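The structure appears right after this line, and notes come after that.
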Amino acid sequence: MKYIDEYRDEKVAHGLLGNLQRIATRGWVLMEVCGGQTHTLMRYGIDELLPNSMQMVHGPGCPVCVTPLEIIDKAVALAERPEVILVSYGDMLRVPGSTTDLLHVKARGGDVRMVYSPLESLKIARENPTREVVFFGIGFETTAPANAAAVWQAQRMGLKNFALLASHVLVPPAVRMLLSSPVNRVQGLIAPGHVCAIVGTRDYEALATEFHIPIVVGGFEPVDLLEAILMLTAQLEEGRAEMEIQYTRSVSAPGNVRAQRIVAEVFEVCDQKWRGLGPIAKSGLRMQEAFRAFDAEAKYDLHDIAVDEPTECISAEILQGLKRPTDCPAFAGRCTPESPLGAPMVSAEGACAAYYHYRRHEAVSLVSIGGN
Amino acid sequence: MATLSSLACPMPIAVNTHIVLGHGSGGKLSADLVRDVFLPAFGNPALNRLDDQASLQMASGRIAFSTDSFIVKPLFFPGGNIGELAIYGTVNDLAVGGAEPKYLSASFILEEGLPLKTLHQIVKSMSDAAARAGVSIVTGDTKVVEKGCGDKIFINTSGIGVIPAGLTLSASLVEPGDHILLSGPLGEHGITILSQREGLELGGELKSDTAPLHKLAQAIIKASPQARCMRDLTRGGLSSALNEIAASARVGIEINERSIPVRETVRGACELFGLDPLYVANEGKLIAIVPASESSATLAAMRLVDTGSESTDIGVITEAHAGLVTMRTALGTMRVVDMLAGDQLPRIC
Amino acid sequence: MCLAIPGQLVAKSEAEGILTGRVKFGGISREVCMDFLPEAEVGDYVLVHVGFAISRIDEEEARKTYEYLEKTGLVDEELAAMRASDAAAIPTLQETVVELKA
């Protein structure tokens, strides 16, 4: 597949690693913000290939992981109503709320359906005029335009039986919080390429300047990540702190203006709670007044549902890159993808789940390319 | 020749176009179903006697016995249908044990309202599939459940096969150094079924790999006198089969991503929905574990069989990391291939 | 965080005010909403997330970058070859390219 296969090429990866080994003089600590990038790093064992002292820490960029427990409980409460068809991305079906997950609600008779695109939920609403369709739309800046488009279309089509249960989070405020922390160790940041394909790079330029930290907007294939790591290392070695784009084939400085426009039309920025990190000011999106009729929380009066997170989970430290999943005493014991204690174990993209799937058995003698 | 008038009858003619509860009553409607649907399709001396049991002539020695139930949505999909699955599923379970599949039972749970035409089509497919696999359906049963209490049709098949004298296949025979041979590209059945789901429709030449593996299995046994074991790669895919072998034989397994064939159709769907083909179900693929000294001859023999024409050598059994399956990635690194707890779901992140 | 995959736009159409396109990913294709990317033309590669095309792949940019990356790979191979073979024949860049193509 074009634009995928060549970015998994062993020779090119080898070349980038060679360069990295030549220029890296210190054990820089880098963070990939996005869970998709964490997944690639683990799946291909890229962090194992880095010059010994270099370290990747894994950021909070997994929308499934950071969706607050209470939003999942709200989705569960809705799915349990006989009149409701709850429509969700596959990602959220297995994520446990405080008592159960959506697949279990389905097993007990709830009408829970999985879609790939939010527009499918409109089709379901039209085909089931006597039922109430609620789309469980989660996501970062990349997914928000698609979720917004569904609401916008619903209004245009005059759909009365459609609502959105939304949990949208924004990356820059969370990154700002991590970098402002007195215990921050991150020296360079790989910014999420697909988020930037939508929003552009301005916020990340501002972050690079504000925190004097190199930021590289990176892609998601192994070669993309290695190149982004190399670019960050070069900046660090040269004492630069700039925003650069590695993922130039898909990201431009202005981003996708049309997608930005629909988000601005349907949503407005609000304070948002992140599972594992807690509330972060101005880090979420909620429905504008004009679209409130499509806001599931208002329509079904779900505001009273509030829950506390289990205390044993160290996800706050994991999501801030202060600890690794294997540092947690509950890892792979009391906490597994089947019965997760906290956010990063719940999604395939979460840092803990990625370690669990690809790295659980650290005893394996891993043979690496690059001969180090 | 029957004329319209000769068909005239004082009794009302029950023209059933759909399954009704009476079809499972054991009364006349049940008998009609057997006479009109099952016997014409499956008929053979053992079945035709319509006794409560089939009386079978068997060679002395060991037999293999297996059972499986089949539910699939939709009933008909590109590359197959539930009837073919029901025959090949049990045939393949027997075949990978080294047995020559001989006799099958077929048991149907029908939902009231199932069009008889649909049942006819499924039964016809089963008959063709049984012929292709060289097995006879010698006994069976039908029950009907009320509308809403089933999902159109469920089929259970059980099967008996004859194991050649002196042949033992078992995961416990697997030894470090053995090679793992895979009979062809992964994931076609699972992805085809997924792409039939509402909202996940995909265009392209996706087709289930539903096929009988008895000839392939026989070819493997013939080419590799010391073959250790075979597994068909149904639910859980290649990953589950390998993990089960690694766990039960207490050996390590190392496979090579580059030598695992995946068609461009399955590749595309897996990239789009964030799925890993190692975990996707197949209905016409197996792995064989054979000693290194017999691996190239076995691979060559597999490739001569139509269901094995794309066979590859995907890896080896290791002494290191017992109980664990690892894979050398396209990038040259190693990663663990573990077992999934549930089905893979399409993901957006 | 966001699974987005590049595919080739093979057809465009409009239905009920929504601009759609058929996009090919490997051996399969799917209907995709093109509302955020109306300027994409048949033949272009687009990045697709949750059924929406979100960005056009800049082929020229990709080619330039990849050529540089490939060179990095080649240079590294040469260095490795030089280290490996003391006085033995060191392959020229051209030979390495031929080898790669084979």
Side-chain angles (χ1 to χ4, degrees), chain A residues 1-4 6-7 9-19 33-37 61-64 89 115-120 139-143 145-147 149 153 156-157 171 192-195 197-198 220 223 227 230 246 248-252 255-259 262 349 371, chain C residues 1-8 15-20 24-28 30-39 45-80 83-84 96 99-100:
Chain A
M1 288 173 74
K2 198 174 173 188
Y3 300 119
I4 293 184
E6 62 268 43
Y7 294 91
D9 184 277
E10 183 175 359
K11 285 200 179 73
V12 173
H14 194 139
L16 288 167
L17 272 169
N19 280 359
V33 173
C34 172
Q37 292 166 333
C62 162
V64 175
Y89 297 124
V115 292
Y116 166 68
S117 169
L119 293 183
E120 306 284 350
F140 276 78
E141 291 93 324
T142 322
T143 320
N147 295 345
Q153 284 289 347
R156 200 181 62 94
M157 289 156 60
V171 176
H194 291 154
V195 164
I198 298 285
F220 294 75
V223 164
E227 194 189 6
L230 181 64
Q246 175 275 326
T248 49
R249 63 186 184 279
S250 298
V251 173
S252 61
N256 187 321
V257 177
R258 274 192 190 78
I262 195 151
E349 273 202 358
Chain C
M1 55 189 70
C2 313
L3 189 67
I5 298 298
Q8 191 173 30
E16 299 180 352
I18 301 177
L19 200 56
T20 61
K24 205 162 173 282
F25 306 92
I28 55 112
R30 211 195 131 85
E31 285 298 323
V32 159
C33 177
M34 299 299 297
D35 276 351
F36 302 154
L37 210 63
E39 68 272 25
Y45 276 79
V46 296
L47 195 61
V48 175
H49 173 65
V50 296
F52 285 72
I54 57 169
S55 136
R56 200 177 68 87
I57 310 263
D58 187 332
E59 302 213 29
E60 178 57 22
E61 191 60 51
R63 191 186 55 75
K64 271 195 327 223
T65 318
Y66 203 76
E67 269 172 17
Y68 151 76
L69 287 173
E70 262 183 323
K71 265 185 219 141
T72 316
L74 287 180
V75 170
D76 208 74
E77 257 197 353
E78 285 209 303
L79 285 172
R83 280 196 296 265
T96 317
E99 219 173 273
L100 271 179

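Throughout, a chain's letter reflects where its sequence line sits, starting with A, and its residues are numbered from 1. Every value quoted in this text rests on a predicted model; they were computed, and no experiment measured them.
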Inset, instruction - Tell me, for C:Glu59 versus chain A, whether the close heavy atoms (under 4.5 Å) come from the side chain, the backbone, both or neither. - result: both
Inset, instruction - Please look at C:Glu31 and chain A and tell me whether the side chain, the backbone, both or neither of the residue comes under 4.5 angstrom of a heavy atom of that chain. - result: neither
Inset, instruction - Examine whether an atom of C:Gln8 lies under 4.5 Å from a heavy atom of chain A, and if so say whether it belongs to the side chain, the backbone or both; otherwise answer neither. - result: neither
Inset, instruction - Against chain C, work out which of A:Val115, A:Asn256, A:Leu16 has the most heavy-atom pairs shorter than 4.5 Å and name it. - result: A:Asn256
Inset, instruction - Answer with side chain, backbone, both or neither: which region of A:Ile198 has an atom nearer than 4.5 Å to a non-hydrogen atom of chain C? - result: side chain
Inset, instruction - Give a yes or no on whether A:Lys2 atom NZ has more than 12 heavy-atom contacts from other residues, nucleotides or ligands under 6.0 Å away. - result: yes
Legend entry - Best-contacting candidate, A:Thr248, A:Asn19, A:Asp9, against chain C by heavy atom pairs under 4.5 angstrom: A:Thr248
Legend entry - Near-ring test A:Phe220/A:Tyr7, centroid separation under 6.0 angstrom: no
Inset, instruction - Measure from the side-chain N and O atoms of A:His194 to the backbone N and O of A:Thr142, and report whether any donor-acceptor pair falls under 3.5 Å. - result: no
Legend entry - Residue among C:Glu60, C:Glu16, C:Arg56 with most heavy-atom pairs under 4.5 Å to chain A: C:Glu16
Legend entry - Under 3.5 Å donor-acceptor, A:Glu141 side chain and A:Val171 backbone: yes
Legend entry - Top of A:Ser252, A:Ala197, A:Ser250, A:Gly255 for chain C proximity - count of heavy-atom pairs under 4.5 angstrom: A:Ser250
Inset, instruction - Report yes or no: does C:Thr72 contribute a side-chain atom to a donor-acceptor pair with the main-chain N or O of A:Gly15 at less than 3.5 Å? - result: no
Legend entry - Cation over ring face, A:Arg249 and C:Tyr45, 6.0 Å, 45°: no
Inset, instruction - Give the minimum heavy-atom separation between A:Ala149 and A:Ile262, together with the two atoms involved. - result: CA-CD1, 3.7 Å
Legend entry - Interchain contact, C:Leu69 with chain A, by part (heavy-atom threshold 4.5 Å): both
Inset, instruction - Before accepting this row, confirm whether a basic side-chain N of the pair C:Arg63/C:Glu67 lies closer than 4.0 Å to the acidic partner's carboxylate O. - result: yes
Legend entry - Under 4.5 Å from any heavy atom of chain C - which part of A:Val64: neither
Inset, instruction - Considering only heavy atoms and a distance below 4.5 Å, find which of C:Thr65, C:Asp58, C:Ile57 pairs most often with chain A. - result: C:Ile57
